Amino acid sequence: MKLARPFFEQKTLTVARELLGCFLIRRLGRGMMRAQIIETEAYGGLKDKASHAHRGRTKRNEVMFGSAGRAYVYLIYGKYYCFNVVTEKKSSPAAVLVRGVKIDGQKIIGPGRVCRALSINAGLNNLDLLNHHELWLERGALVRPKIKKMPRVGIDYAEEYKNKLWRFLLAD
DNA sequence: TATTTGATTCTT
DNA sequence: AGAATCAAATAT
């Protein structure tokens with residue numbers, strides 16, 4: 001079942017937790033890929049010094065200021081793409097980064113690797129995941145999975161926000 | 001206009 | 001431990 005708007009409008013930490021076990025579906029021509037989300041990170045609001053939205057609206061991050069349920073895709077280090085899902089109401093810029101998935105039983109760890117595996121690039125930035133036939137999200141199992149919390153990766157500059165346990169993983 | 005940077009990954 | 005690589009953010 002496709003995830004709907006109210007799901008994405010929840011608090012970012014809630015969405016980050018509840019996306020674990022859900023499926024990211026990618027359709028490419030005749031082919032279809034089904035990726036189970038196994039690792040996420042929350043990037044919340046204007047205060048979070050690790051968030052792209054921390055210093056206000058820019059060309060890159062403007063999607064985070066839009067409606068929940070859209071894709072925020074950006075290029076990092078000139079080489080890799082990162083895929084995020086926008087959360088919360090329009091006035092509250094926030095997103096959840098998908099850091100790891102499982103496709104056909106194979107773990108793909110790292111946001112750049114996830115995008116490479118699913119052919120996600122900047123052309124998909126700002127697409128509405130609720131109303132799209134090439135990329136969308138579906139609910140996982142109804143039972144609550146066991147979840148691990150950890151500090152986020154690659155944000156040493158984020159001062160008092162760098163040790164927040166806003167990284168979530170499915171416990172194996 | 002010029003310089004720096006980065007929610008990473010791969011090679012040495 | 002260091003390099004790759006570039007669009008966008010920040011500094012000038």
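Worth saying up front: this structure is predicted, and the values here are computed from it rather than measured. A, B, ... follow the sequence lines: proteins, then strands. Residue 1 opens every chain.
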S.K.: How far, in whole Å, is C/dA7 from B/dT11 if one measures between their P atoms?
M.R.: 23 Å
S.K.: Has A/Y77 got its ring stacked on C/dA4, by the test of a centre gap below 5.5 Å and a plane angle below 30°?
M.R.: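 One would not call A/Y77 stacked on the C/dA4 base.
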S.K.: Counting only side-chain nitrogens and oxygens, does A/T58 get under 4.0 Å of the OP1 or OP2 atom of C/dA9?
M.R.: yes
S.K.: Please give the distance between the P atoms of B/dA7 and C/dA11 as a whole number of Å.
M.R.: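 Those two atoms are separated by 16 Å.
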S.K.: For the CD atom on A/E160, are there more than 12 heavy atoms of other groups (residues, nucleotides or ligands in this structure) within a distance under 6.0 Å?
M.R.: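 More than 12 within 6.0 Å, yes.
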S.K.: Of A/K102, A/K148, A/R167, which meets side chain to side chain donor-acceptor pair (under 3.5 Å) against A/E39?
M.R.: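 Exactly one candidate clears the test, A/R167.
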S.K.: Could you work out which one of B/dC10, C/dC6, B/dA7 sits closest to the side chain of A/R113?
M.R.: B/dC10
S.K.: Strictly by Watson-Crick or wobble contacts shorter than 3.5 Å, is anything paired with C/dA7, and which nucleotide is it?
M.R.: B/dT5
S.K.: Side-chain N or O of A/R116 less than 4.0 angstrom from OP1 or OP2 on B/dC10?
M.R.: yes
S.K.: For the backbone of A/N126 and the side chain of A/R70, can you confirm whether one donor and one acceptor N or O come within less than 3.5 Å of each other?
M.R.: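 Judged by distance alone, yes, a pair lies under 3.5 Å.
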S.K.: I want to check one thing: is the phosphate of B/dA7, taken as OP1 and OP2, less than 4.0 Å away from some side-chain N or O of A/R167?
M.R.: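 It does not, given that no N or O in the side chain of A/R167 lies less than 4.0 Å from OP1 or OP2 of B/dA7.
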S.K.: I need the CD1-P distance between A/I109 and B/dT8, as an integer number of Å.
M.R.: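 After rounding, the reported distance stands at 13 Å.
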S.K.: Any base atoms under 4.0 Å from A/I155, or only sugar-phosphate, or nothing? Heavy atoms, all strands.
M.R.: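 The residue A/I155 makes sugar-phosphate contact but no base contact.
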S.K.: Taking the C1' atom in each of B/dC10 and C/dA8, what is the distance between them to the nearest angstrom?
M.R.: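 Looking at atom C1' only, B/dC10 and C/dA8 are 24 Å apart.
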S.K.: Out of B/dT9, B/dA7, C/dA4, which has the shortest distance to the side chain of A/K79?
M.R.: C/dA4
S.K.: Which of the following nucleotides, B/dA7, C/dA8, B/dT9, is nearest to the side chain of A/Y80?
M.R.: B/dT9
S.K.: Any chance you could measure A/R152, atom CZ, to A/K162, atom NZ, to the nearest 0.5 Å?
M.R.: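 Rounded to the nearest 0.5 Å, the CZ-NZ separation comes to 12.0 Å.
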S.K.: So if I take every side-chain heavy atom of A/Y157 and compare against C/dA7, B/dG6, B/dC10, which nucleotide ends up nearest?
M.R.: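 Comparing C/dA7, B/dG6, B/dC10 against the side chain of A/Y157, the answer is B/dG6.
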S.K.: Side chain of A/R60 only, heavy atoms from C-beta on: which candidate in C/dA9, B/dT8, B/dC10 is closest?
M.R.: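 Nearest to the side-chain atoms of A/R60, counting from C-beta on, is C/dA9.
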